Amino acid sequence: MPTTTSPVVRMHRSGIRKLMELAMLDPEAIRLELGEPDTPTPPHIVEAAANDARCGHTGYTSSIGSLELRTALAQKVGAVNGLTATADDVVVTHGAMHGLAMAINATMGPGDELLVPDPEFPNWRMAATAAGADVRTYPAYAAAGFVPTLEDIEAALTPRTKVILVNSPNNPTGAMYPPELLAGIVDIARRHDLWVFSDECYEAITFGPAHVSPAAFDTDGRVVTFFTFSKTYSMTGWRLGYVVTRDPYVHDLLGQVAEATVACPSTVSQRAALAALRGPQDDVARAVEAYRRRRDAAVALLTARGVPCVQPDGAFYLMVDVSRATGDSEEFALALLRDRHVAVSPGSAFGAGGEGMVRVSLASDEAAILAGLSRLADQVDAWQTASAALATGTPSPGV
C-alpha cells in the first residue's frame, strides 16, 4: 500500500475526546468532561430555521456565507464588540474551529510557528500540525490566574513565529485577558510583523470583567477574529461560526479554502444564525447566570474540601488542582471515571501547563456538578492517603 506523506500523521489525538468516548460507554457517568451547553437551542431559532428550510432556503450560498448573514454579522460586531466591519470583512464558517483551521492554512506553511498559550486548547495544535506548521507556547501560570505576561509572550517568539494566538475568555482556564494585555499583544505583533488570531468563542460568557477583543487595538488589519454560535446560543451541532478580518487578501484566501473544503456553510444553519442574532437574547442571559451560579457553588465546595482551583472570570470551565493526589492527570481522570463514575478532562490534554490539574465543565446540571466534584475530592483524599501510607510503609485502605 502507498505510504502517506501528510503532516497529519504527526497529529496527536485529543485527550478530551478520549475521556468523552470512554464516558459514553458508562451509563452511570456524571459527564463533566465536555464543553457543550446543557440547554437546547432556543425554540425560536429552531422554528425559524425549519420554516426557512420549508420555504426553500436549502441550496448553496456563497462559499463565504450569504450576504444577508454577513451583513447582520458586521452589524453585530459593531454593536456588541465595538469593531468597525462590513459584510466584506466577514467569512461565515463551518464552526469557529473550521475558521481557525482555514486561517492557519491560508497564512502558514511548513516551518512557520503558531504561538499559543499554555495551557492550550488541543485543536489549535492539531490544525497547525495538519498544515505542516509547528507550535510553540507562552506560559499562563495558575498562580497568576492563568493570565500571561507580555514579557513571556515576547520571549517565546522566534524568527519562525508567524501568528500569536489569543483566547479570552479562555478554554480551558476561564481566564480573561485585561485590555492592557491585549493592546500589548497587538503591539508586539505590530513590531514583529505578525498576525494575531483571536479565538473569541466564549465572548458572551463572562462573570465580571467585560469582554474585549484585541481587534479593538488593531490599526493595520493584522488581527483576525473568530466567533461561533455554538456556545452563546447552544448551537454546537449546527456547526456555524464566522471570521472577521480587515485584510482583503486574507479574506479572499479564506474564501478559496472554504470553496475547497466545504463549498459553503450549511444554508439551514445560516438561517438559524439570522434568527439567533435578530431574536430575543433572554436565553443567553439566563445561561450565563446559570454558569455563574454553578461556578460559585463549585468553587465553594472545592474550597471547603481543600482542593485548590482557579476561579474563572469567563467561559464555563474550572481547572481543579489534583496534584496532591498525583502528578499524572490522565491516570487520575481514568481512575475517577472507572472507580467513581465521574468524567473530567485531564489537564495533560491541554499541554504541560495543565498537568496536575483536571478541567471540569460547568455546562451541566448544578446538582450533577456538585456530586461529581464531591466524588473528585474523595478521590483526591483517598489517593493522597494511599500515597502517604506507601511512603511510610503503613497499610492503607484501597482507593
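Owing to the predicted nature of the structure, the values given are computational and were not obtained by experimental measurement.
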Undergrad: Is there a side-chain contact between R359 and V344, using heavy atoms and a 4.5 Å cut-off?
TA: no
Undergrad: Give a yes or no on this: more than 12 heavy atoms of other residues, nucleotides or ligands lie within 6.0 Å of atom CD of E180.
TA: yes
Undergrad: Could you tell me if the ring centre of W383 sits under 6.0 Å from that of F332?
TA: yes
Undergrad: With respect to D296, which candidate in R294, R293, R292 satisfies the side chain to side chain contact (heavy atoms under 4.5 Å, CB included) definition?
TA: R292
Undergrad: Using every non-hydrogen atom in the two residues, find where V186 and V196 come nearest and quote the distance to one decimal.
TA: CA-CG2, 4.5 Å
Undergrad: I would like to know whether R70 and V91 meet side chain to side chain contact (heavy atoms under 4.5 Å, CB included); could you show each step before the answer?
TA: CA-CA 7 Å; R70 288 186 289 116; V91 177; over 6 Å; no
Undergrad: I want to check something: taking the side chain as every heavy atom from C-beta on, are T41 and F229 in contact at a cut-off of under 4.5 Å?
TA: no
Undergrad: Run D187 and R191 through salt bridge (charged side-chain N to carboxylate O under 4.0 Å, His left out) and show every step you take.
TA: CA-CA 6 Å; D187 180 63; R191 287 189 284 105; 3.0 Å; yes
Undergrad: Would you verify whether the NZ or CZ of K76 falls within 45 degrees of the ring axis of Y242 while also being under 6.0 Å from that six-membered ring's centre?
TA: no
Undergrad: With a 3.5 Å cut-off and no angle check, do the side chains of W124 and D199 form a donor-acceptor pair?
TA: yes
Undergrad: Shortest non-hydrogen contact from E200 to S213?
TA: OE2-OG, 2.8 Å
Undergrad: If every non-hydrogen atom of D118 is compared with every non-hydrogen atom of G351, which pair is closest and at what distance?
TA: OD1-C, 3.8 Å
Undergrad: Do V320 and V307 pass the side chain to side chain contact (heavy atoms under 4.5 Å, CB included) test, and can you show the C-alpha distance, the side-chain angles, and the key distance before you say yes or no?
TA: CA-CA 7 Å; V320 181; V307 179; 3.5 Å; yes
Undergrad: Would you name the heavy atoms of T219 and R246 that are closest together and state the gap between them?
TA: C-NH2, 3.7 Å
Undergrad: Would you say that M102 contacts L253 through its side chain, given a criterion of any heavy-atom pair below 4.5 Å between the two side chains?
TA: no
Undergrad: Kindly state whether the ring of Y202 and the ring of Y317 have centres lying under 6.0 angstrom apart.
TA: yes
Undergrad: Would H57 and V268 count as a side chain to side chain contact (heavy atoms under 4.5 Å, CB included) if you check the C-alpha gap in whole Å, the side-chain angles of each, and the deciding distance to 0.1 Å?
TA: CA-CA 7 Å; H57 292 281; V268 174; over 6 Å; no
Undergrad: Less than 4.5 Å apart, any side-chain heavy atom of P148 and any of Y177?
TA: yes
Undergrad: Judged by modelled atom types alone, do Y138 and E151 share a side-chain donor-acceptor pair under 3.5 Å?
TA: no
Undergrad: Assess the residue pair D381 and R305 against the criterion (salt bridge (charged side-chain N to carboxylate O under 4.0 Å, His left out)); give the C-alpha distance rounded to whole Å, side-chain angles, the decisive distance to 0.1 Å, and a yes or no.
TA: CA-CA 9 Å; D381 290 343; R305 293 294 302 271; 3.0 Å; yes
Undergrad: Measuring from atom CG of L334 to atom NZ of K18, what distance do you get when rounded to the nearest 0.5 angstrom?
TA: 5.5 Å
Undergrad: With a 4.0 Å cut-off, would you call R160 and D134 a salt bridge?
TA: yes
Undergrad: Give me the atom names and distance for the closest heavy-atom approach of H211 to S168.
TA: CE1-O, 3.3 Å
Undergrad: Could you pull out the closest heavy-atom pair between L32 and G372, with the gap in Å?
TA: CD1-CA, 4.1 Å
Undergrad: Is the number of heavy atoms from other residues, nucleotides or ligands within 6.0 Å of CZ (R17) greater than 12?
TA: no
Undergrad: Side chains of E33 and S361: donor-acceptor distance under 3.5 Å anywhere?
TA: no
Undergrad: Can you tell me if S348 and E330 form a side-chain donor-acceptor pair at under 3.5 Å?
TA: no
Undergrad: If you round to the nearest 0.5 Å, how far is OG1 of T206 from CG of D313?
TA: 9.0 Å
Undergrad: Does the ring centre of F197 sit less than 6.0 Å away from the ring centre of F226?
TA: yes
Undergrad: Test side chain to side chain contact (heavy atoms under 4.5 Å, CB included) on L337 and L22; report intermediate values, then the result.
TA: CA-CA 8 Å; L337 177 60; L22 288 172; 3.7 Å; yes
